[in-house]
Structures are given as C-alpha cells and as structure tokens.
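A short write-up of the structure that comes next.
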Amino acid sequence: MTSPYGLDGRVALITGGTRGIGLAVAEALVRAGAQVCVTARDPAGVAQAAKTLGGIGLAGSVADPAHLSLLTEFTLDTFGRLDIVVNNAATNQPYGPLMDADPDIWREAFTVNVEAPLRLTQHAWRAWMREHGGTIVNICTEGATHVGPNVGAYGTTKAALLHLTQQLAGELAPKVRVNSVSPGLVRTEMARFVWEPGEQEIATGLPLARIGEPDDIAQAVLWLASDAAEWVTGTDLVVDGGTRVKPARPTPT
Ligand SMILES: NC(=O)c1ccc[n+]([C@@H]2O[C@H](COP(=O)([O-])OP(=O)(O)OC[C@H]3O[C@@H](n4cnc5c(N)ncnc54)[C@H](OP(=O)(O)O)[C@@H]3O)[C@@H](O)[C@H]2O)c1
C-alpha cells in the first residue's frame, strides 16, 4: 500500500532550509520522496544544504521581493512543478521592550516574518498552485498567542502569520491547503540564548521532559504537507512538548 505520507514526484520549496528547523524539514521531505529547493542568505550554507539534500538552492534574503520571484522561477524551471512551500525563515529581532523597538528593525521583522510568506505564496499560487493545487506550511511559534518579556515584536509578527495562515486557507481553498506549525523551544541557533543556559531547568518544567529537536517540528510539517492531511486546512499544529499544560503528575497519596 502506498503511504499517505509519501511525497514521490512532489517538489518543495523551503525558506531558511540550511540549518535548524528548516534543514530538518527539508531532510524529512526528501526522505518522503520529494525534491527540494532551499534558500537562505549565506551562499555557502545554501550550497552545502543543497548538496546534502541532493536538491537545489538559491542564496538570497526573503526580505527581497525579487529574490522570492526568482526562487519560484528557479524551482519551476528546474523541476517543472511546485507542490509544497514551507515558509520557515524568520527573525527574532528587535528583541527587548517594545518601547525601545527601532522602527526600521520592526519593519524588517514584518517584512521577513509576514510579508515574505505572503509574497512567496502569491508567486507559488500564480505560477503553479492556482491551476495544479498544492500546500503551504508556515512556521509560527507557540508564543504567538500569549505575551512574554522581550519578544513583543517577534510575537506580534507571528500572531499576524497565524492570521495570515487562516485567511489564506479560506481564500485558496479548495485547491491549496494552508496550515501552520507552532514550535515550542527547539534546539537551534535562533533559540540558543534561551536553551543553552537553562536547558535542564526548562526540560524539567515540561510535561515531556525535554526541549524540542528540529526533527520534532519536521515530522509535523511532513504530515501537514502530505496527503495524510488532505482534509486539514487553516489549522495551527502546536508542537511544544506540552508547554501549555505544564506537568501535572499525581503526587503519591
Ligand atoms: N528554535 C525555536 O525554539 C523556535 C521556536 C518557535 C518558532 N521557531 C521558528 O522556527 C523557524 C526556524 O527557526 P530556527 O530556530 O530553525 O532558526 P535558525 O536555526 O536560526 O535557522 C534560520 C534559517 O533561516 C535562514 N534565514 C534567516 N533569515 C533569513 C532571511 N532574511 N532570508 C532567508 N533566509 C533567512 C537562516 O540562514 P541565513 O542566516 O544564511 O539566512 C537559516 O537557514 C522560524 O520561523 C522561527 O521563528 C523557532
């Protein structure tokens, strides 16, 4: 029997696919049979990831509209189709109290975290998905629905991305499914400043007793991108080791 998770013959485009969650997503999609194109700013990182994945890559920033257009064309010219887009690249700057937020860095955060996912979805829709269908997965954050110190700008962009996901799910159905995955704390460069100093303490406070690994998130993206989730759109899948429920183990009586 063919696995509903199988992606043989499908083509995926992953932003920020050179390390951390994006690379794990690309690896999971390749293992499932997809061909992949990755993008990130560092050309050496893109070349290395493309080689490791047996795919293609194009260096550039998702903040550059011309790059997003080129990226879509490059993927279609190379593989002849574009079935899956994973909007994963993001910035967590400006970090700190909102009262101190630099307006230029604030705007950059919205460009990278919100506008780029919309623009790339527009390109994919116009060039392929409107006619042939497809699926989009946006990487949000578990923190998008509550407040926390210093992450006000980041959280605001990710809350906007959650809304964008639902809006696009409504607008692009039934041809294109649009969902998001919201990770809790995952062992990557972006979050190193959080987990490195306090991993043991953080893990102890989580029901599942460890921080996340990039592949924990990749498995959720794989499910949403595959036909196994063919009746799922506009959904946010929180993958956070139980962060929201906190440990509630019964104490001995
Ligand atoms: N790690 C966590 O705990 C956590 C929790 C919740 C949500 N998330 C979300 O998960 C996603 C991935 O984060 P991560 O932790 O895996 O980060 P990461 O390890 O820092 O990787 C980020 C990736 O995005 C690329 N990138 C960054 N800015 C870019 C830009 N402007 N244009 C193109 N590529 C860019 C980076 O490559 P270059 O530097 O070469 O561009 C790299 O490939 C993000 O959306 C993040 O908000 C992470």
Side-chain angles (χ1 to χ4, degrees), residues 13-28 36-50 52-53 55 57-68 70-71 85-95 105 107-117 119-120 136-146 148 151 153-162 164-165 180-199 202-203 206 210-218 220-221 236-241 243-244:
L13 180 48
I14 301 114
T15 69
T18 58
R19 62 169 189 263
I21 291 168
L23 180 59
V25 167
E27 288 171 337
V36 295
C37 177
V38 293
T39 191
R41 291 163 302 179
D42 174 29
V46 170
Q48 180 59 49
T52 306
L53 294 161
L58 193 64
S61 174
V62 297
D64 174 8
H67 176 62
L68 296 177
L70 264 181
L71 192 61
V85 169
V86 182
N87 286 303
N88 165 76
T91 176
N92 59 2
Q93 301 300 318
Y95 182 82
I105 302 176
R107 274 191 289 273
E108 174 80 4
F110 272 84
T111 304
V112 171
N113 296 2
V114 187
E115 187 181 325
R119 282 187 184 274
L120 194 52
I136 312 283
V137 183
N138 296 324
I139 307 300
C140 283
T141 176
E142 181 273 332
T145 49
H146 57 86
V151 289
Y154 177 69
T156 304
T157 63
K158 293 292 191 175
L161 185 58
L162 271 185
L164 183 74
T165 300
S180 57
V181 174
S182 281
L185 181 62
V186 179
R187 190 190 311 280
T188 69
E189 277 310 305
M190 181 186 269
R192 181 179 289 278
F193 72 104
V194 181
W195 57 262
E196 197 163 62
E199 178 173 349
I202 294 165
L206 287 172
R210 65 171 175 84
I211 68 166
E213 302 296 337
D215 194 55
D216 292 317
I217 310 307
V221 174
D236 181 51
L237 180 48
V238 177
V239 182
D240 68 349
T243 305
R244 294 168 178 204

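Count residues from 1 along the sequence. Read the numbers this way: they start at 1 and go in the same order the structure lists the ligands and their atoms.
- With respect to atom 22 (C) of ligand 1, the closest heavy atom belonging to the protein is R19 NH2, 4.1 Å.
- Side chains of T111 and R119: no donor on one and acceptor on the other come within 3.5 Å.
- A heavy-atom distance below 4.5 Å is not found between the side chains of N92 and V151.
- Put simply, OG1 on T188 and CH2 on W195 are 8.0 Å apart, with the number rounded to the nearest 0.5 Å.
- Closest protein heavy atom to atom 32 (N) of ligand 1: V62 N, 2.9 Å.
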Inset, instruction - Let me see the working for N138 and T165 under side chain to side chain donor-acceptor pair (under 3.5 Å), right down to the final yes or no. - result: CA-CA 7 Å; N138 296 324; T165 300; 3.0 Å; yes
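- Annotation: atom 48 (C) of ligand 1 to nearest protein heavy atom, I21 CD1, 3.7 Å.
- Side chains of H67 and T39: a donor on one and an acceptor on the other come within 3.5 Å.
- Taking a 4.0 Å cut-off on heavy atoms, G184 registers as neighbouring ligand 1.
- N88 O, 3.0 Å is the protein heavy atom nearest to atom 44 (C) of ligand 1.
- Residue A191 approaches ligand 1 through these ligand atoms, each under 4.0 Å from one of its heavy atoms: 1 (N), 2 (C), 3 (O).
- On a distance-only criterion, E142 and ligand 1 share no N/O pair closer than 3.5 Å.
- In terms of N/O distances under 3.5 Å, ligand 1 is approached by V186.
- Between A40 and ligand 1, not a single N/O pair is under 3.5 Å apart.
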Audit row: D216, R187, salt bridge (Lys or Arg N to Asp or Glu O under 4.0 Å) steps and yes/no: CA-CA 10 Å; D216 292 317; R187 190 190 311 280; over 6 Å; no
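- Of the protein's heavy atoms, M190 CB, 3.4 Å lies nearest to atom 17 (O) of ligand 1.
- Every atom of ligand 1 with a heavy atom of L185 under 4.0 Å away is listed here by number and element: 3 (O).
- Within the structure, ligand 1 lacks T15 among the residues with a heavy atom less than 4.0 angstrom away.
- Each of the atoms 32 (N), 33 (C) of ligand 1 lies under 4.0 Å from some heavy atom of G60.
- In this structure the side chain of F110 reaches within 4.5 angstrom of the side chain of T156, judged on heavy atoms.
- Listed by atom number, the atoms of ligand 1 under 4.0 Å from G20 heavy atoms are 16 (O), 19 (O).
- For the pair T243/L206, a side-chain contact is recorded, criterion being any heavy-atom separation below 4.5 Å from C-beta on.
- A side-chain donor from one of T157 and N113 sits under 3.5 Å from a side-chain acceptor of the other.
- Of the protein's non-hydrogen atoms, A89 CB, 3.6 Å is the one closest to atom 35 (C) of ligand 1.
- With contacts defined as side-chain heavy-atom distances shorter than 4.5 Å, the pair L13/V36 does not qualify.
- Distances shorter than 4.0 angstrom do not occur between any heavy atom of T91 and any atom of ligand 1.
- The D42 neighbourhood of ligand 1 comprises atoms 40 (O), with distances under 4.0 Å to a heavy atom of that residue.
- For the residue pair S182 / D236, a side-chain donor-acceptor distance below 3.5 Å is found, with atom types taken as modelled.
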- Steps toward side-chain contact (heavy atoms from CB on, under 4.5 Å) verdict (I139, V86): CA-CA 7 Å; I139 307 300; V86 182; 4.2 Å; yes
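- Considering backbone and side-chain N/O atoms, T39 never comes within less than 3.5 Å of an N/O atom of ligand 1.
- Taking 4.5 Å as the limit, every side-chain heavy atom of L23 sits out of range of all side-chain heavy atoms of T52.
- For atom 14 (P) of ligand 1, the nearest non-hydrogen atom of the protein is T188 OG1, 3.6 Å.
- Here Y154 has side-chain heavy atoms under 4.0 Å from ligand 1, and that is the only part of it that gets that close.
- In R187, neither the side chain nor the backbone holds a heavy atom less than 4.0 Å from any atom of ligand 1.
- Looking at atom 39 (O) of ligand 1, its nearest protein heavy atom turns out to be R41 NH2, 2.9 Å.
- Of the listed options G16, C140, G212, G16 places a heavy atom closest to atom 25 (C) of ligand 1.
- A salt bridge between E189 and R19 is absent, with no side-chain N of the basic residue lying under 4.0 Å from a carboxylate O of the acidic one.
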